[in-house]
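Before any comments, here is the structure.
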Amino acid sequence: MKKIVSLLVLIALFTSCNEYQKALKKEDIAAKFEIGTQMYDAGKYSKAIRLFEQIAPQYRGKPQAEKLFYMFSQSYYKTKQYTLSGYQFESFVSGYPKSEKVQEAAYLGAKSYSMLSPEYSLDQTDTFKAIDKLQNFIDTYPNSEYIGEANESLRLLSEKIEKKVYENAKGYNTISDFKSAIVALDNFIIDFPGTRFKEDALFLKFDSAYQLGINSVPAKMEERLNVAKTAYSGLIKYKADTKYKEQANEMIARVEKDLQKFTK
């Protein structure tokens, strides 16, 4: 019995593959649509794509076009061709705004762009684009069943941008460009007031001002030491029991000592 079942499965697979190969070569777009749908339903998305690509232009405006372009978009998404799926889902939403699939398509289109977002250390052009797409989805469909997933994706992408900006600002401190570090860290704190890196950023700002002050020429030292003192106050005001407290207290003691030179 098992041998018979296995044989029937092999025959079915052979027949399916044979029909697919014939459909690729046929001019009959209806046959391509039918076999493409079969491939899609069977999860053979790459094969479905080859057929859908052949007939998509001819199906525009036809009754079955909505189904075709939905499957076409999904096939790109399922095969992780996110640039193409993002484009196709957007076209679907634009072409079929009354479709029952429109919210799903709008969400998956936005999600496609989010899947293109790289590691935070790389160029974030695609991340910004994904944020725009997700925010547009959230604004357009605030009651969608996908709103929770969309908000979570948006949060993760925003945190990636936040980390990118923080690491860039931190980098100035690392290479001892303390003037640029102070400006960059100030801008970061202003742009991301609720950032999880705020304590670190405030300490790095203090450290940058401290290094700039104690290593300054006499003519600029007093002013820069006072800037460091203000930066220390900002850190302690934000978090009195900061994890940097011991180190920061040692640094501010040096600042106070050096400032005494200017009170005589």
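In this text, all values refer to a predicted model and were calculated from it rather than measured experimentally. Only heavy atoms go into these numbers, but all of them, side chains included; no hydrogens, no water, no symmetry mates. Numbering starts at 1 and runs along the sequence shown.
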*Judged by modelled atom types alone, do Q74 and Y70 share a side-chain donor-acceptor pair under 3.5 Å?*
yes
*If you measure from OH on Y82 to CG on D126, what distance do you get to the nearest 0.5 Å?*
13.5 Å
*Tell me, with the steps shown, if D28 and K32 meet salt bridge (Lys or Arg N to Asp or Glu O under 4.0 Å).*
CA-CA 7 Å; D28 186 349; K32 291 179 187 289; over 6 Å; no
*Between V227 and M221, is there a shared hydrophobic cluster once you connect ILVMFWY residues whose side-chain heavy atoms come closer than 4.5 Å?*
no
*Are Q81 and Q88 close enough that a side-chain donor and a side-chain acceptor fall under 3.5 Å?*
no
*Check each of F192, F203, Y238, Y166 against F197 using the ring pair (Phe, Tyr, Trp, His ring centres under 6.0 Å) test, and report the only one that passes.*
Y166
*Report whether F92 and Y146 are members of the same hydrophobic cluster (ILVMFWY, side-chain heavy atoms less than 4.5 Å apart, transitive linking).*
no
*Taking all atoms of both residues into account, what is the closest heavy-atom pair of K164 and S121, and its distance?*
NZ-O, 3.0 Å
_Parallel, tilted or perpendicular: ring planes of F89 versus Y77, cut at 30 and 60 degrees_ = perpendicular
*When you look at R254 and E250, which way does the salt bridge (Lys or Arg N to Asp or Glu O under 4.0 Å) test go after all the steps?*
CA-CA 7 Å; R254 168 71 186 275; E250 291 177 2; over 6 Å; no
*Answer yes if F178 and I214 sit in the same cluster of Ile, Leu, Val, Met, Phe, Trp and Tyr residues linked by side chain heavy atoms under 4.5 Å apart, and no otherwise.*
no
*Can you measure from OG (S75) to CE (M39) and round to the nearest 0.5 angstrom?*
11.5 Å
*Are the side chain of S94 and the backbone of S91 linked by a donor-acceptor contact shorter than 3.5 Å?*
no
*asked:* To the closest 0.5 Å, what do you measure between NZ (K205) and OG1 (T230)?
replied: 8.0 Å
*Answer whether the closest heavy-atom distance between the side chains of T37 and K67 falls below 4.5 Å.*
yes
_Just verifying a value: how many Å separate L202 CG and D207 CG, rounded to the nearest 0.5 Å?_
12.5 Å
*asked:* Please give me the minimum heavy-atom distance between K198 and I189, naming the atom from each residue.
replied: CE-CG2, 4.1 Å
*Measure from the side-chain N and O atoms of T140 to the backbone N and O of F137, and report whether any donor-acceptor pair falls under 3.5 Å.*
no
*N/O donor-acceptor pair under 3.5 Å between N136 side chain and D132 backbone*: no
*N249 versus Y232: any side-chain heavy-atom pair under 4.5 Å?*
yes
*asked:* On a heavy-atom basis, which atom in A209 and which in A228 lie closest, and how many Å separate them?
replied: CB-CA, 3.6 Å
*Could you walk me through whether E152 and L156 pass side chain to side chain contact (heavy atoms under 4.5 Å, CB included), step by step?*
CA-CA 6 Å; E152 178 62 11; L156 293 173; 3.9 Å; yes
_If you count heavy atoms of other groups shown closer than 6.0 angstrom to NZ of K243, is the number above 12?_
yes
*asked:* Using the rule given for side chain to side chain contact (heavy atoms under 4.5 Å, CB included), can you reason through K229 versus E256, listing the C-alpha separation, both sets of side-chain angles and the distance that settles it, and then say yes or no?
replied: CA-CA 8 Å; K229 190 174 178 179; E256 296 285 8; 3.2 Å; yes
*With the side chain counted from C-beta on, respond yes when N143 and I147 share a heavy-atom pair under 4.5 Å apart, and no when they do not.*
no
*Any side-chain heavy atom of L51 within less than 4.5 Å of one from Y20?*
yes
*What heavy-atom pair brings A169 and L185 nearest, and what distance separates the two atoms?*
CB-CD2, 3.8 Å
*Kindly indicate whether the side chain of F188, heavy atoms from C-beta on, has any atom under 4.5 Å from the side chain of K170.*
no
*Take L154 and I138 through the side chain to side chain contact (heavy atoms under 4.5 Å, CB included) test and state the conclusion after the steps.*
CA-CA 10 Å; L154 184 61; I138 291 167; 3.7 Å; yes
*Let me see the working for K220 and E223 under salt bridge (Lys or Arg N to Asp or Glu O under 4.0 Å), right down to the final yes or no.*
CA-CA 6 Å; K220 296 182 179 180; E223 178 185 354; over 6 Å; no
_Which atom of T127 lies closest to which atom of S117, heavy atoms considered_ = OG1-OG, 2.6 Å
*Nearest 0.5 Å please: distance from the NZ atom of K163 over to the CZ atom of R196.*
6.5 Å
*Are side-chain heavy atoms of I29 and K62 found at a separation under 4.5 Å?*
yes
*Rounded to the nearest 0.5 Å, what separation is found between the CD atom of Q211 and the CG atom of L204?*
11.0 Å
_Quick check: is Y141 connected to Y96 through a chain of hydrophobic side chains (ILVMFWY, heavy atoms under 4.5 Å apart)?_
no
*Compare all side-chain heavy atoms of M71 with those of K78 and state whether any distance is below 4.5 angstrom.*
no
*asked:* Is there a side-chain contact between L157 and L134 in this structure, where contact means two heavy atoms from C-beta onward sitting under 4.5 Å apart?
replied: yes
*Take E34 and E19, measure what side chain to side chain contact (heavy atoms under 4.5 Å, CB included) needs, and give me the verdict at the end.*
CA-CA 10 Å; E34 181 182 352; E19 289 179 351; over 6 Å; no
_K160 versus P118, closest heavy-atom pair with distance_ = NZ-O, 2.8 Å
*Q124 side-chain N/O to L122 backbone N/O, donor-acceptor pair under 3.5 Å*: yes
_Let me check something: do I49 and Y40 share a hydrophobic cluster, defined by ILVMFWY side-chain heavy atoms less than 4.5 Å apart, either directly or through other members?_
yes
